Number of protein chains: 2
Amino acid sequence: MDVAQRLREQGIRMTPQRRVVCDTLARADRHLTAEEVHARASGDTPELNLASVYRTLALLGELGLARQVHFGDGRSHWELAHPDDAFHLVCRGCGEVTHHAGDLVDRVRDHLARGHGFTPEGVDLVVRGLCRDCAKRPSPS
Amino acid sequence: MDVAQRLREQGIRMTPQRRVVCDTLARADRHLTAEEVHARASGDTPELNLASVYRTLALLGELGLARQVHFGDGRSHWELAHPDDAFHLVCRGCGEVTHHAGDLVDRVRDHLARGHGFTPEGVDLVVRGLCRDCAKRPSPS
DNA sequence: GTATATGCAAAGTCTTTGCATCGTT
DNA sequence: AACGATGCAAAGACTTTGCATATAC
């Protein structure tokens with residue numbers, strides 16, 4: 001975890017709480033809400049307050065170390081920032097969220113870069129629908 | 001406005017409040033939050049409660065007549081559903097949100113349709129960055 | 001006339017903030 | 001030792017809900 005270093009460079013302190021939040025995100029198999037980070041991390045050593053989770057997630061976001069994703073359920077979901085710009089498939093049936101690799105996000109960037117005058121900084125691509133398994137079953141809606 | 005008809009088909013009643021919300025969305029130059037719809041519509045004839053705005057927007061969303069977009073500011077923004085699947089450019093500088101036409105959203109659909117087992121129902125593509133004007137000025141961050 | 005929609009106010013979620021205390025540097 | 005981070009609790013922002021009343025069909 002080079003987060004400690006990144007923090008030190010910025011004159012920001014590393015604390016057990018921040019470490020736990022980072023580790024939890026790193027270990028996560030999927031995107032976590034603040035509440036979920038808190039739940040998973042509370043098993044760990046230090047007491048961890050939900051407010052601190054929110055503060056840490058915001059901090060990681062500002063530093064570009066974590067990314068906030070909106071799936072349309074009214075909450076924020078977080079993941080460690082990836083170098084590759086995958087996008088998200090959210091299944092309406094089982095709620096599963098999967099990454100989908102591809103160059104689509106890059107293509108969006110390229111497209112905009114070509115004389116449209118808009119400088120893209122972040123691309124959020126979320127596709128909602130039904131995953132293979134849920135499409136087979138009788139539709140949940 | 002054929003919304004009245006669409007509602008009747010579903011056995012749902014048309015009311016002045018619902019009409020006002022639809023008209024407000026139709027007249028809107030941009031995506032409106034529930035609060036904004038309420039503010040703009042309150043000048044109109046009937047009393048209009050914010051709760052009814054929320055209820056109407058949800059209804060229109062279910063019927064596929066309006067679309068809910070998340071710009072990452074914690075609120076929902078609404079627009080009448082377009083036939084064309086444009087995506088959204090959100091400027092970090094001035095907050096302006098513009099539609100950007102193109103076949104990118106269609107390409108996402110096509111891509112997924114080709115043997116990935118995921119049935120896309122809705123594609124949310126939001127690009128955050130700086131618009132032409134704001135990019136010229138000293139960066140706001 | 002009847003079932004549905006509205007208004008109002010209260011409650012619910014998710015998130016942020018103020019402030020005293022604790023802990024990293 | 002000093003300043004930033006945490007915990008706690010309270011407040012804030014947005015949205016939903018319960019219930020009596022009004023109203024579209």
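Chain letters run A, B, ... following the sequence lines, proteins first and then strands; every chain starts at 1. It should be emphasised that the depicted structure is a prediction, and the values quoted were computed from it without experimental measurement.
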Short side-chain N/O contact to C/dG23 OP1/OP2 from A/T15, under 4.0 Å: no
Between CG on residue A/L32 and OG1 on residue A/T24, distance to nearest 0.5 Å: 8.0 Å
Whole-Å distance separating the CG atom of A/L7 from the C1' atom of C/dT25: 13 Å
Any donor-acceptor N/O pair, A/R92 side chain to A/C134 backbone, under 3.5 Å: no
Test: A/E121 and A/R109 ion pair at under 4.0 Å: no
Touch class at under 4.0 angstrom, heavy-atom based, for B/S76 against every strand present: sugar-phosphate
Protein-nucleotide distance (B/H38, atom NE2; C/dG7, atom C1'), rounded to Å: 10 Å
Pairs under 3.5 angstrom, nitrogen or oxygen only, protein versus nucleotides 8-13 of chain C, please.
none

Residue met sooner reading DNA chain D from 5', once B/R8 and B/E35 are mapped to nucleotides: B/E35
Hydrophobic cluster identity match, B/Y54 and B/W78, side-chain contacts under 4.5 Å: yes
Distance test, side-chain N/O of B/Q17 to OP1/OP2 of C/dG7, below 4.0 Å: yes
Candidates D/dA5, C/dG7, D/dG7 - which lies nearest the side chain of A/L48: D/dG7
DNA chain D: 5'-proximal contact among B/L50 and A/V53 (nearest heavy atom): A/V53
Distance in angstrom units between A/I12 CD1 and D/dT6 P, rounded: 11 Å
Near-ring test B/H111/A/H100, centroid separation under 6.0 angstrom: yes
d(CG, B/D73; P, C/dC14) in whole Å: 17 Å
Options C/dT15, D/dG7, C/dT6, nucleotide nearest the side-chain atoms of A/A34: C/dT15
Nearest-angstrom distance from the residue atom CE of B/M14 to P of D/dA24: 12 Å
Polar pair under 3.5 Å, donor/acceptor by atom type, side chain A/R13, base D/dC3: yes
Rounded interatomic separation in angstrom, taking CG from B/L57 and C1' from D/dC14: 13 Å
Minimum side-chain heavy-atom gap A/P120-A/V108 below 4.5 Å: no
Among A/R75, A/R30, A/R27, salt bridge (charged side-chain N to carboxylate O under 4.0 Å, His left out) partner for A/E36: A/R30
Side-chain H-bond candidate by donor/acceptor type, A/E79 with A/H99, under 3.5 Å: yes
Heavy-atom side-chain proximity of B/T98 to B/E96 below 4.5 angstrom: yes
Validation row, ring centre B/H70 to ring centre A/F71 under 6.0 Å: no
Overall bend - the helix from C/dG1-D/dC25 to C/dT25-D/dA1, comparing terminal axes fitted on five pairs, nearest 10 degrees: 40°
Separation of D/dA13 P from B/Y54 OH (nearest whole Å): 13 Å
Distance in angstrom units between A/R19 CZ and D/dT6 P, rounded: 12 Å
